[in-house]
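Right, one structure below, let's go through it.
Everything numeric in this text was worked out from a predicted model, so none of it was measured. Chain letters run A, B, ... following the sequence lines, proteins first and then strands; every chain starts at 1.
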Number of protein chains: 2
Amino acid sequence: MTRRTTGTTTIQTVADAAGVSIASVSRVLNGLTANEETIKRVNDAVKAVGYVPNSAAKSLKTNQTGQVAFAMENIGNAAYLAMVQAIQPVLRAGGYRLLLHSTDADVQDEIDVLRSLGQRYVDGLILCPLRVTRRHVAELKRAQAPVVVIGQLPKSCPNDNVRVASRPGVALAIQHLADNDRTRIALVDGPVDTVPGKARYAGYQDGLKQAGLEEDPDLVLFADFTVDGGAKAARALLQQKRPPDAIFAANDLMALGVLQAAREAGLDVPGDVAVVGMDDTELAATAWPPLTSVSLGAQERGRLAAELLLERLSEPDRPRQWVTVEPRLVVRASSGEAT
Amino acid sequence: MTRRTTGTTTIQTVADAAGVSIASVSRVLNGLTANEETIKRVNDAVKAVGYVPNSAAKSLKTNQTGQVAFAMENIGNAAYLAMVQAIQPVLRAGGYRLLLHSTDADVQDEIDVLRSLGQRYVDGLILCPLRVTRRHVAELKRAQAPVVVIGQLPKSCPNDNVRVASRPGVALAIQHLADNDRTRIALVDGPVDTVPGKARYAGYQDGLKQAGLEEDPDLVLFADFTVDGGAKAARALLQQKRPPDAIFAANDLMALGVLQAAREAGLDVPGDVAVVGMDDTELAATAWPPLTSVSLGAQERGRLAAELLLERLSEPDRPRQWVTVEPRLVVRASSGEAT
DNA sequence: CGGCATCCCGTAAACGTTTACGACTCATGG
DNA sequence: CCATGAGTCGTAAACGTTTACGGGATGCCG
């Protein structure tokens, strides 16, 4: 005896309309073995009653959601945005939907996301943490779903990982400035207690050393990763008695702030002071003068992370993958010749 | 007799550990009536076994997913990005997760998203369509979940709606240019077969009329909403025998392209030609010269749409809401005095 | 004609929750 | 002492799928 059909159209509705059992409907829908005749009747019935499978029920049985989450600090940041843009098409091609988590750089929030994987509302997670604490590591180890981490990661973490060598990337920029005869090269860095902030400072020191330049503590300032942060820092730098002839900003946003401060001070870029940014976002190309910037391959990292995740999902026991993306210096007008 | 506990920790695991029935566990977890003693034992058990409720099972019973989707053309567009940034915190505060759909301006994709609401993987949808076809209307009417539409919508659609009067917004800009003694004001519009494209053209005509200027067909070009599109169109405009002394671009991206073309042609902005953009994105403020732009309140629209959706979700039968956001002219240097 | 393999299909159980219903305890009041 | 009601709790059904299992046709071969 067939179950009574309720208000919502379920697989049972289809079964009744096609005159077959719900098992047959399910089989046809999932492309399993079935008679030509039944296939046709089921497909017709599906159309006729306008059936759409309920994803919650499907998830409950199959333990798969067809969803993947991406957690980052703030999607307003162009670097993360580039990642999202790269991640989306890969996931979609793999039949997954994309969920977004903005953590606002709140460590607790990142941890919560990791914890909530136990709810099984996603099949996997791409996580892009600003800093990796001991709690991160602990949660990563016991995560209930595959997690791909974008960024530096301790070797003890069992997760797939995509990283970029930002430190040599900074050095690349410093070297480039030195090659153009800049000798007082300043650094406008982000917060020093973040992983990127630390790496950039180290790269700055590397670059100076390679170029045979001395580090001048007056030329290193820390701000936050915003236009205003960059502008404030640059104003301070440019007012010094011995101002820099080049400024490397840890971020395109900050570099824009630097450009702004230079204009205010009546300085020509690159004539009086060269400026180089980092991330090579859309902003760099459209700035004036067009901004030389170190590309950290955000798009590429996003794409790779998504691909790694999909591969892991289809093959859970494969060995852990680590991928490194190479930084690339994109030279534009802002780092041209001095006058 | 209690059911055998399987590998995964379910509500049954908790029940066994606490020595109560699964019904009691569920009641405690959902804050329903229960004895102090039981509450404590359940909570302890939850901690002890590390229980996290399975969201698929919950969804299946309650018919709620705790998820909301936002579908737009392409998150790379700063206007949509601003919406996402505004939507996210509202949803999160309401306890919802955010799902992202990039439709790439593919009408079929938008329709598919609407259709897929039948799968019930989200409780509601915020849709930001580029154009609204007859099929859109049809699907909107039979949508299986509440949909809030951002953008122009026929009155026949039963959906909540947030719109912006972009047409008077454009007129505002034209008026502003005319007030500054510009007489040959060009329009670089987006595709004319899109809703925004049409509205901007109409607003352009309105503005000219208000200012007592004649429309010159040579001064109206259509391109796509990109930097390159704007640059190409501007090059064509500036090479004419009677070039414009002002250019309104339908979009900040296109306006950046216009700025670029003006620089290539050795023209001063705003001395030789004034430029005004639209959307007032981050790009406008950081451009050089800083770009005058018409704000269409993307953030505000996003926030309002999210709020409308949450209200609709908690009160499904409330009357349909229509909200209009007022455009605002943000004057910066690019539309200053002519020389 | 019997035995056996093959092909389809239907029955029913299971996934992990929520919740209606009824049962039980205990206190209260007539 | 019984009836009533309030406060808790457990049993079991239900949500809409997928899938293991077995049974009924059918065809083929010995």
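One interatomic measurement links the two molecules: CG of B:L29 to P of D:dC9, which rounds to 14 Å at whole-angstrom precision. A straight line from CZ of A:R120 to P of C:dG16 spans 10 Å, rounded to a whole angstrom. The interatomic distance linking A:L32 (CG) with D:dT19 (P) rounds to 7 Å, in whole Å. Distance, B:L60 CG to D:dT17 C1': 8 Å, rounded to whole Å. Between the CD atom of A:Q12 and the C1' atom of D:dG16 there is a distance of 10 Å, given to the nearest Å. The NZ-P distance, from B:K58 to C:dT17, rounds to 9 Å in whole Å. Following rounding to the nearest Å, A:I11 (CD1) and D:dG16 (P) show an atom-to-atom distance of 11 Å.
Between its two ends, the helix from C:dC1-D:dG30 to C:dG30-D:dC1 turns its axis by 60°, counting five pairs per end and rounding to 10 degrees.
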Grab the N/O contacts between the protein and nucleotides 12-14 of chain C below 3.5 Å, and write none if there aren't any.
| from | atom 1 | to | atom 2 | distance (Å) |
| --- | --- | --- | --- | --- |
| C:dA14 | N3 | A:K61 | NZ | 2.9 |

Could you run down the sub-3.5 Å N/O contacts of the protein with nucleotides 4-9 of chain C?
| from | atom 1 | to | atom 2 | distance (Å) |
| --- | --- | --- | --- | --- |
| C:dC8 | OP2 | A:T33 | OG1 | 3.3 |
| C:dC9 | OP1 | A:T38 | OG1 | 2.5 |
| C:dC9 | OP2 | A:N35 | N | 3.0 |
| C:dC9 | OP2 | A:T38 | OG1 | 3.0 |

Passes salt bridge (Lys or Arg N to Asp or Glu O under 4.0 Å), B:D109 versus A:R92? Steps please. CA-CA 12 Å; B:D109 253 18; A:R92 159 187 285 239; 2.7 Å; yes
Would you please test A:L153 and A:R163 for side chain to side chain contact (heavy atoms under 4.5 Å, CB included) and show each step? CA-CA 8 Å; A:L153 202 61; A:R163 55 176 59 197; 3.9 Å; yes
Step by step, work out the salt bridge (Lys or Arg N to Asp or Glu O under 4.0 Å) result for B:K40 and B:E36. CA-CA 6 Å; B:K40 175 157 169 29; B:E36 279 303 331; over 6 Å; no
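Under the rule for a salt bridge (charged side-chain N to carboxylate O under 4.0 Å, His left out), the partners of A:R115 that lie at least two apart in sequence or sit in another chain are A:E139. With sequence neighbours left out, B:D112 forms a salt bridge (charged side-chain N to carboxylate O under 4.0 Å, His left out) with no residue at all.
Within 4.0 Å (heavy atoms only), A:N30 reaches sugar-phosphate atoms of the nucleic acid but no base atom.
Applying the 4.0 Å criterion to OP1 and OP2 of D:dG16, one finds that A:T8 has a side-chain N or O inside that range. For the OP1/OP2 pair of D:dG16 and a distance below 4.0 Å, the side-chain nitrogens and oxygens of B:Y121 include no atom meeting the criterion.
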Would you list the atom pairs, donor with acceptor, under 3.5 Å between side chains in residues 70-77 of chain B and any protein atom, with sequence neighbours excluded?
| from | atom 1 | to | atom 2 | distance (Å) |
| --- | --- | --- | --- | --- |
| B:N74 | OD1 | A:Q85 | NE2 | 3.4 |
| B:N74 | OD1 | B:G76 | N | 2.7 |
| B:N77 | OD1 | B:A79 | N | 2.8 |

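Between the side chains of B:R312 and B:Q321, no donor-acceptor pair of N or O atoms lies under 3.5 Å.
Taking the side chain as every heavy atom from C-beta outward, B:T9 and B:V14 never approach each other to under 4.5 Å. No side-chain heavy atom of B:V68 sits under 4.5 Å from any side-chain heavy atom of B:L125.
Each of A:I87, A:I126, A:D160 was compared with A:L309 under the side-chain contact (heavy atoms from CB on, under 4.5 Å) criterion, and only A:I126 meets it.
No donor-acceptor distance shorter than 3.5 angstrom exists from the side chain of B:N161 to the backbone of B:W322, with no hydrogens or angles considered.
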